[in-house]
Amino acid sequence: MTKLSAPVDMVLDTAMLGKKELETGLPGEFGDYSYDILKDGGKYISITSFGIGTCPGVRNIDSIFFRAHPNRADLNEISIHMQEGKLKIHVDHRYPFTTQGLFEAYRTSEKQTRRGKIVISKELYKKCSQLSGSISCV
């Protein structure tokens with residue numbers, strides 16, 4: 001986590017880093033840090049802390065849980081932007097759809113150093129299946 005010294009107007013929390021968030025839906029260590037760096041009257045928006053609405057208001061900070069509701073029109077628009085090259089998805093790691101591939105993908109998802117999406121691909125599985133048994137497909 002990058003430490004900031006100056007107060008900020010808004011925090012967008014997209015990380016679920018600990019057991020507290022899973023059990024209670026409340027912001028954990030990252031949430032505590034986020035409140036510390038927010039200006040009075042700032043906004044704390046979380047896509048992971050579903051229980052955030054139960055937290056009492058602190059320093060007039062507006063705490064919001066946000067959940068997307070995808071629909072066909074929006075997904076079509078995203079698809080068009082991807083095809084036109086206006087939207088680029090960064091893929092950090094690709095793994096085959098195998099037991100070992102799923103295990104490695106899960107381990108990678110636990111690391112905070114990744115930058116981008118983790119892809120599990122049936123195509124990689126097919127390529128691995130076609131290779132000699134002496135070659136590792138991870």
Side-chain angles (χ1 to χ4, degrees):
M1 163 173 28
T2 303
K3 298 285 185 180
L4 301 174
S5 57
V8 297
D9 296 317
M10 183 190 83
V11 170
L12 176 59
D13 178 5
T14 62
M16 185 176 286
L17 302 178
K19 191 174 180 182
K20 180 180 176 183
E21 293 98 325
L22 287 171
E23 292 175 348
T24 65
L26 299 174
E29 179 184 339
F30 182 76
D32 295 341
Y33 172 71
S34 297
Y35 280 107
D36 290 344
I37 64 166
L38 270 168
K39 291 180 182 176
D40 290 354
K43 286 195 181 295
Y44 180 82
I45 302 170
S46 177
I47 64 169
T48 61
S49 301
F50 56 86
I52 201 168
T54 63
C55 296
V58 177
R59 298 184 358 251
N60 202 27
I61 293 172
D62 189 15
S63 300
I64 302 163
F65 172 66
F66 176 80
R67 179 176 39 193
H69 299 282
N71 61 62
R72 183 181 202 102
D74 290 344
L75 294 174
N76 283 337
E77 188 74 19
I78 290 170
S79 176
I80 290 167
H81 286 310
M82 287 177 65
Q83 290 171 1
E84 293 174 348
K86 294 178 182 176
L87 176 65
K88 296 186 181 183
I89 307 299
H90 178 72
V91 176
D92 192 46
H93 288 87
R94 293 176 191 265
Y95 296 99
F97 188 61
T98 62
T99 302
Q100 184 66 28
L102 293 171
F103 176 78
E104 292 296 325
Y106 178 76
R107 288 291 176 229
T108 300
S109 74
E110 293 181 318
K111 297 176 185 174
Q112 296 177 20
T113 57
R114 65 182 175 82
R115 302 272 187 229
K117 300 295 179 189
I118 297 170
V119 174
I120 299 169
S121 171
K122 286 195 271 184
E123 283 71 30
L124 285 176
Y125 172 73
K126 289 176 188 173
K127 287 179 185 175
C128 287
S129 298
Q130 295 169 357
L131 296 174
S132 165
S134 63
I135 299 173
S136 174
C137 295
V138 176

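Both backbone and side-chain heavy atoms feed into the values below; hydrogens, waters and symmetry mates do not.
- When all heavy atoms of Lys39 and Ile61 are compared, the closest pair comes out as O-CG1, 3.9 Å.
- Between Val11 and Ser34, the closest heavy-atom pair is CG1-OG, 3.5 Å.
- Rounding to the nearest 0.5 angstrom, the gap separating the CG atom in Leu87 from the CD1 atom in Ile78 is 7.0 Å.
- When hydrophobic clusters are built by joining Ile, Leu, Val, Met, Phe, Trp and Tyr residues whose side-chain heavy atoms come closer than 4.5 Å, directly or via intermediates, Phe97 is not grouped with Phe103.
- Tracing side-chain contacts under 4.5 Å through hydrophobic residues (I, L, V, M, F, W, Y), one never reaches Ile37 starting from Leu12; they form parts of separate clusters.
- Residues that satisfy the salt bridge (charged side-chain N to carboxylate O under 4.0 Å, His left out) test with Arg67, not counting sequence neighbours, are absent from this structure.
- In this structure, the side chain of Ser79 does not engage the main chain of Leu75 through any donor-acceptor pair within 3.5 Å.
- By the ring pair (Phe, Tyr, Trp, His ring centres under 6.0 Å) test, Tyr44 pairs with Tyr35, sequence neighbours left out.
- Here the shortest heavy-atom pairing between Ser49 and Ser46 reads N-OG, 2.8 Å.
- Taking the side chain as every heavy atom from C-beta outward, Tyr95 and Val119 never approach each other to under 4.5 Å.
- Remark: Glu104 CD to Thr98 OG1 distance equals 9.0 Å, nearest 0.5 Å.
- Val8 places a side-chain heavy atom less than 4.5 Å from the side chain of Leu38.
- Taking CG of Asp62 as the start and NZ of Lys43 as the end, the distance is 4.0 Å to the nearest 0.5 Å.
- In this structure, CG on Asn76 lies 9.0 Å from CG on Asn71, to the nearest 0.5 angstrom.
- Atom-to-atom distance recorded for Asn60:CG and Asp40:CG is 8.0 Å, nearest 0.5 angstrom.
- Note: Ile64 CD1 to Asp13 CG = 12.5 Å, rounded to the nearest 0.5 Å.
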